[in-house]
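What follows is a single structure, written as C-alpha cells, with notes after it.
Each chain gets a letter, A, B and so on, in the order the sequences are listed, and its residues count up from 1.
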Number of protein chains: 2
Amino acid sequence: MNYFSSDFKLGILGGGQLGKMLLSDTRKFDIQTYILDPSDEAPCKISCNQFFKGDLMDFDTVYNFGKKVDILTFEIELVNLEALEKLENEGLPVYPSPKTLRLIQNKGVQKEFYSQHNIPTAPFEKFSNLENLKSEISNLKLPFVWKCTEFGYDGNGVKVVRQASDLDNLPNVECIAEEMIPFKNELAVIVCRNPSGEIKTYPVVEMEFHPEANQVEYVICPARIDEKVAEKARAIALTVSQKFNQVGLLAVEMFQTENDEILVNEVAPRPHNSGHYSIEASYTSQFENHLRAILDLPLGNTESKVAGIMVNLTGAEGFSGDVIYENIETILGWNGVTPHIYGKKQTRPFRKMGHVTIVNDDITVARKIAEDVKNTIRVIA
Amino acid sequence: MNYFSSDFKLGILGGGQLGKMLLSDTRKFDIQTYILDPSDEAPCKISCNQFFKGDLMDFDTVYNFGKKVDILTFEIELVNLEALEKLENEGLPVYPSPKTLRLIQNKGVQKEFYSQHNIPTAPFEKFSNLENLKSEISNLKLPFVWKCTEFGYDGNGVKVVRQASDLDNLPNVECIAEEMIPFKNELAVIVCRNPSGEIKTYPVVEMEFHPEANQVEYVICPARIDEKVAEKARAIALTVSQKFNQVGLLAVEMFQTENDEILVNEVAPRPHNSGHYSIEASYTSQFENHLRAILDLPLGNTESKVAGIMVNLTGAEGFSGDVIYENIETILGWNGVTPHIYGKKQTRPFRKMGHVTIVNDDITVARKIAEDVKNTIRVIA
C-alpha cells in the first residue's frame with residue numbers, strides 16, 4: 001500500500017488533542033486524514049484533509065464515516081462499537097480492533113481479562129449495580145476503591161470508600177470494588193505493536209504526585225526506579241499488549257507496590273498523556289509510532305535522546321472564558337521548555353488545555369525546571 | 001500581545017515546504033495563520049487557518065493580504081517588496097524587514113554590503129549586464145563564477161566560467177563575476193534574532209559533496225571541523241545577522257578555504273534546507289525559533305540533543321508523474337530515520353519532494369545510516 005502523497009485515507013474517530021498531535025505526523029508523511037468529531041471547535045479541525053461533524057456514539061454516523069476511509073482508528077474509546085464491528089466484518093481494517101476495545105471499554109471485563117491471563121492486578125469484585133455492592137459491604141475490606149465499569153474518565157467514576165456512607169450519592173450502575181494496595185509509585189509503559197507482530201515498549205515513566213493534593217503533577221521519563229523493577233514493568237506491559245492482540249499503542253498504567261510487585265491498573269488503547277514527553281524526548285514519538293503501527297510500517301526507536309518531564313496545563317480554579325496562558329513568555333525563555341497548546345478557546349477549572357514538556361540531558365535539572373514551570377504558568381481567563 | 005489561542009493572525013507569504021514545517025509549530029502553539037500562495041496544491045493549504053490563492057509578486061495581492069494579518073513573514077524571498085514596504089510604513093510588523101530583504105534579494109547589493117561591513121567574502125566585480133562583462137573579460141582571472149544578481153534559485157543563475165565561450169547563452173542581465181576560491185568545506189550557520197535583540201546561532205553544519213557529481217549529498221550537524229574554525233564561523237554569522245539588523249532566521253552559507261579562512265557566500269532570511277536536521281536533532285527546531293523570533297518571544301535552545309544528518313529527497317531522473325517513494329518502508333525500519341514528505345503529488349527530475357533526517361548519538365553511525373538511506377529510497381513515478 002502506498003500511503004505517502006497518495007489517495008489512501010486514514011479515518012480518525014475523535015478530533016481532540018490526541019488526534020491533533022497525531023495529525024502533526026500524518027502531515028509530516030503527507031498521509032490523508034478524515035476526522036469525525038461532534039464539535040465544530042475540535043482541535044483537529046485544522047490539519048486534517050476532511051472534517052466531519054457527528055456523534056461518535058451514533059451507529060449510522062460512525063458506520064458511514066468508516067465507509068469513506070481505508071483504515072480506521074480512534075483517539076477516544078467512547079465510540080460506537082457495533083459500527084466498528086460491522087465495518088471490520090465488512091473488511092475494513094480497524095485498529096485497535098473492536099474486539100480489543102470491547103475488552104477494555106468495560107473496566108470489569110478488563111479486570112477479568114487480567115485474571116484469566118495471569119496478569120498481576122489488584123484483587124477485585126464485580127457488582128451489577130451499586131445496590132448489590134451495598135448489600136455485600138460487610139464482606140468487603142475497607143477501605144476499597146469503587147469504580148464504575150463504563151464511561152469513567154479522568155478520575156470521574158472512581159472513589160476511595162473508607163466507610164459505607166462514602167457510597168451515598170454514587171450512581172446505581174455496574175461497578176467493581178478493588179482492594180486498595182499501598183504503592184510506592186504509579187508507573188506507565190507504552191507498548192507499540194503492528195499487525196505483523198513487531199512490538200516495542202517505551203521506557204517506564206513515573207507519575208509524581210503532589211505531596212498534599214494527591215494529584216499527578218509530573219510525568220517523568222525515565223522513571224527514577226530500580227532497573228530490575230523497570231524491566232519487570234516493561235515485560236508485563238509487553239505481555240498485556242500481546243494478550244490483547246493489540247495493534248497500535250497500548251498505554252499500560254501500573255502500580256509499584258511496597259514490595260516492588262507490579263500490578264496492572266488499567267490500559268488505554270491509544271496515544272496517552274503519559275507519552276506526551278516522547279514528542280521532544282524520544283527518537284520516535286508515541287504519535288508517530290501509533291501511525292506506523294496501524295499502517296503496518298516498521299516501528300521507530302522508542303528510546304530517549306534525553307530525559308523528559310511533562311506537566312499538564314489545566315484551567316485554574318476560578319476562571320472560565322477566553323483562555324490566557326499567563327507567563328507563557330517567561331517559561332519559553334528556559335532551556336528545553338516546549339508548551340503544547342491544544343487549541344481550546346475557552347478555559348474552565350481543571351479543563352485539559354495543553355501540556356509543557358521539559359527536556360534536558362540531566363533529569364535532575366529537568367525536574368527542577370519542571371517545578372519552576374508548574375509554579376509560573378497559569379491558565380486563566 | 002496574546003498569541004496563543006487568540007484572534008492574533010500571522011500572515012505567511014508562500015505556502016511551500018518551509019511554510020508547511022513552520023505550520024507544525026503554529027499548530028503546536030495554536031497560533032492562527034493566513035497563507036498566500038499562487039498554487040492550489042501548495043503544501044501549506046492544510047494546517048493553516050485560511051488559505052488565499054494569489055501571485056506573490058503582485059503588489060495589490062500582497063498588500064491586500066497584508067492588511068488582513070497582525071504580523072507578516074515569508075518563506076520565499078521572491079515576493080513583492082514594494083507592497084511589504086508600504087505595509088511596514090503603515091505600521092504592520094514585517095519580519096524579516098523589507099529593508100533587509102532588499103539588501104539580500106540582489107546578489108550584487110548583498111556582496112557590496114559584505115564589503116562595506118568588512119564581512120569576509122570572495123572578491124567580485126559587478127556588471128550591469130552580460131555584454132559589459134564580456135567586454136571586460138580580458139581583465140578577469142579565469143576561472144571565475146558568474147552569478148546573475150536576481151531571481152537565481154537552487155543553482156539556477158550560477159555558472160563556473162573557465163573560458164570566454166562559457167558565457168555564451170547566458171541571459172543578458174545584471175551579474176557579478178566572483179573569484180573562484182578553492183575551499184575545503186562548504187559550511188552554514190543559522191542565526192536567530194528577535195526584535196528585542198536576543199540572538200543565538202545554531203551549530204555549524206557541513207555540506208558533504210558527492211565526490212564525482214559535485215552535488216551536496218548530506219548536511220551534517222555538527223560539522224566535522226576544528227572547534228576554532230567552527231567558533232570563527234559562528235562569530236561571523238552573528239555579525240552578518242547583526243549588520244543586516246535581521247529579525248527571524250538568517251541562514252549564512254560560508255566557505256572554509258584551504259587556509260581555514262571563512263568567506264561568506266550568501267544568506268537566506270528564513271528557515272533553510274541546511275537547518276532541517278534541527279526538527280529531530282535540536283532542542284528547538286529552526287522553525288520554532290523563527291516563529292519565536294518574529295513574535296518577539298524568547299529564543300529556544302539552539303544546541304543539539306544528538307547528531308543529525310539530512311538527505312534531500314529529489315525526483316529521480318527519468319520519472320515524471322504521480323509520486324512513489326520507493327523503499328520508504330525499508331528506511332523507516334532503521335534507527336533514528338525520519339522521512340519528511342512535502343506533499344507534492346507530482347514528481348519530476350530533481351524536484352525537491354522531501355528530506356530524510358538521520359539522528360544518532362554517534363555521528364559516524366548516523367553518517368553510515370545516511371549513506372544507506374541515500375542508496376535505498378528513490379523518488380519515482
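- The most heavy-atom pairs under 4.5 Å with chain B, out of A/Asp322, A/Val359, A/Asn2, A/Thr284, come from A/Val359.
- Contacts between residues 21-37 of chain A and chain B, counted as heavy-atom pairs separated by less than 4.5 Å, involve A/Ser24, A/Arg27, A/Lys28, A/Phe29, A/Asp30.
- Annotation: salt bridge (Lys or Arg N to Asp or Glu O under 4.0 Å) contacts of B/Glu326 (sequence neighbours excluded): B/Arg378.
- Other residues, nucleotides and ligands contribute over 12 non-hydrogen atoms within 6.0 Å of the CG atom of A/Asp362.
- Neither the backbone nor the side chain of B/Lys45 comes within less than 4.5 Å of any heavy atom in chain A.
- Taking non-hydrogen atoms and a 4.5 Å limit, the residue list of residues 295-305 of chain B in contact with chain A, ordered by number, reads B/Leu297, B/Pro298, B/Leu299, B/Asn301, B/Lys305.
- At most 12 non-hydrogen atoms from other residues, nucleotides or ligands lie less than 6.0 angstrom from CZ of B/Arg348.
- Of all residues spanning residues 327-342 of chain A, those with a heavy atom less than 4.5 Å away from chain B's heavy atoms are A/Ile328, A/Glu329, A/Leu332, A/Gly333, A/Asn335, A/Gly336, A/Val337, A/Thr338, A/Pro339, A/His340, A/Ile341, arranged by number.
- Chain A forms the most heavy-atom pairs under 4.5 Å with one residue out of B/Ile279, B/Ile324, B/Asn49, and that residue is B/Asn49.
- Atom CD in A/Gln346 sits 10.5 Å away from atom OG in B/Ser5 (nearest 0.5 Å).
- Contact annotation: the side chain of B/Val323 never approaches that of A/Phe4 to less than 4.5 Å [non-hydrogen atoms, C-beta and beyond].
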